[in-house]
Amino acid sequence: MTGNESDSKPATATAPTDSAWRRWFGSPHAVKPGLLHRAYAIPSILIGLLFTLGPMCVIVAFSFMSRPDMGGGVKFQFATDAYEKLLFRHDFFGNRFFDTRYLEVFGTSLWQALLTTAVCVALAFPIALWMSMKSAKVQQILVLLVTIPFWTNLLVRTYAWMLILNENGPINWAASLLGIGKQQLLYTSFASVIGLIYTFLPFAILPMYSALSGFDFRLVEAAYDLGAHKLTVMRRVILRAAMPGVMSGVALCFIPAFGSYVQPVLLGGGRVLMVGNLIAS
């Protein structure tokens, strides 16, 4: 290489400093044509944090403040009275006892949310797998059918379940024809769980279908050719590909089911006390 060629070679760029800004928003690769730098996402990120974490921070801060002597609101004075009332109660003589009533409500909410999530995931996975194996046009129709319940208000759908589960509903009518007799289905924990499963089943189907819709089923054929059994293919190929959708379905079912209010009130008749009912009361 001649001296002129070495002089014409561009100089090496100075290594960037390892700042917090570059770690969060920098990129080791050049921005492709037509794409924006990730720094343009900062306003959206800030707005998202404001409207998601902001209210939670306010609630947590208020929980450590004191109640005024009269009226509502809080006094800007540190106190742990709210957490003491959550776990302890005082008798007429001022003695303090451990109180399990609120913990029992949390336990009921946790049990119903876990049961709802387990049933929804168990039902949603084969439905999503079956949907993903259809043609593109049929998949569009099936997704439309899954989302049809969202076209109707939740209260209307819950009232429909009240008509189905009541004493003169179709389930008890069929039970009477079979000689089983009428059963008390409405205003029970069973009715509350049925309402929760019906409400959150689409939230489990859609993310699983989204994860499986682009799955290459030739991998299943290859696994069979290599001697894998059906359960092995399901566990190590299909389920592994659907795992992001399964985890999303679990989160979308468990978190809102834990704090549900409508189903325990209308279908449980107020006999099933969950966190949402406790907050409202």
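All figures in this text were calculated on a predicted structure; none of them were measured in a lab. Residues: numbered from 1 along the sequence shown.
In terms of heavy-atom proximity, L165 sits nearest to A191 at CD1-CB, 3.7 Å. Closest non-hydrogen pair, A211 versus G245, comes out as CB-N, 3.8 Å. When all heavy atoms of L163 and N166 are compared, the pair lying nearest together is O-OD1, 3.2 Å. Closest heavy-atom contact between S260 and P264: O-CG, 3.9 Å. Here the closest non-hydrogen pair linking K230 and Y224 is CG-OH, 3.5 Å. Residue L212 comes nearest to S132 through the heavy atom pair O-CB, 3.5 Å, listed as atom of the first residue, atom of the second, then distance.
Within 6.0 Å of OH on Y83 lie more than 12 heavy atoms contributed by other residues, nucleotides or ligands. For CZ of F98, the number of neighbouring non-hydrogen atoms (other residues, nucleotides, ligands) closer than 6.0 Å is greater than 12. For L231, the CG atom is loosely surrounded, since the number of other residues' heavy atoms within 6.0 Å does not exceed 12. Within a 6.0 Å radius of CE in M243, more than 12 heavy atoms belonging to other residues, nucleotides or ligands are found. Residue F88 qualifies as enclosed at atom CZ: its count of foreign heavy atoms under 6.0 Å is above 12.
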Do F76 and S66 pass the side chain to side chain contact (heavy atoms under 4.5 Å, CB included) test, and can you show the C-alpha distance, the side-chain angles, and the key distance before you say yes or no?
CA-CA 7 Å; F76 293 94; S66 304; over 6 Å; no

Determine, stepwise, if the pair W130 / K134 fulfils side chain to side chain contact (heavy atoms under 4.5 Å, CB included).
CA-CA 7 Å; W130 174 73; K134 298 298 179 180; 3.0 Å; yes

I164/I171 under side chain to side chain contact (heavy atoms under 4.5 Å, CB included): CA gap, chis, key distance, verdict
CA-CA 7 Å; I164 295 173; I171 295 180; 3.8 Å; yes

Given the rule in the side chain to side chain contact (heavy atoms under 4.5 Å, CB included) test, do Y102 and L87 qualify, once you have shown the distances and angles that lead to the verdict?
CA-CA 7 Å; Y102 291 127; L87 299 176; over 6 Å; no

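Between F254 and F200, the distance from one ring center to the other does not fall under 6.0 angstrom. When ring centroids are compared, F203 and F150 come within the 6.0 Å threshold. The aromatic ring centres of F64 and F62 sit 6.0 Å or more apart.
The shortest distance between side-chain heavy atoms of T116 and C120 falls below 4.5 Å. Side-chain contact check for E167 versus W173: every heavy-atom pair is 4.5 Å or farther apart. Contact annotation: the side chain of L273 never approaches that of T108 to less than 4.5 Å [non-hydrogen atoms, C-beta and beyond]. You'll find the side chain of V74 stays beyond 4.5 Å of the side chain of R67, heavy atoms only. Taking the side chain as every heavy atom from C-beta outward, K85 and D99 never approach each other to under 4.5 Å. Counting heavy atoms from C-beta on, the side chains of Q139 and Y209 come closer than 4.5 Å. Between R157 and Y198 there is a side-chain heavy-atom pair separated by less than 4.5 Å. Counting only heavy atoms from C-beta outward, the side chains of L129 and M234 approach each other to under 4.5 Å.
Grouping the Ile, Leu, Val, Met, Phe, Trp and Tyr side chains by contacts below 4.5 angstrom, directly or via other members, places I255 apart from L196. Note: the hydrophobic cluster containing L252 also contains I205 (ILVMFWY, side chain heavy atoms under 4.5 Å, direct or indirect links). Both V265 and L185 belong to a single network of hydrophobic side chains, linked directly or stepwise wherever heavy atoms of I, L, V, M, F, W or Y lie under 4.5 Å apart. The same ILVMFWY cluster, assembled from side-chain heavy atoms under 4.5 Å apart, contains both F215 and M208. L114 and M247 are members of different hydrophobic clusters when ILVMFWY side chains are connected at heavy-atom separations under 4.5 Å.
In this structure a side-chain-to-backbone donor-acceptor pair under 3.5 Å is missing from S192 to S189.
Side-chain contact annotation: Q263 with T199, donor-acceptor N/O pair under 3.5 Å present.
Relative to the ring axis of Y187, R271 does not place its NZ or CZ within 45° and under 6.0 Å from the centre.
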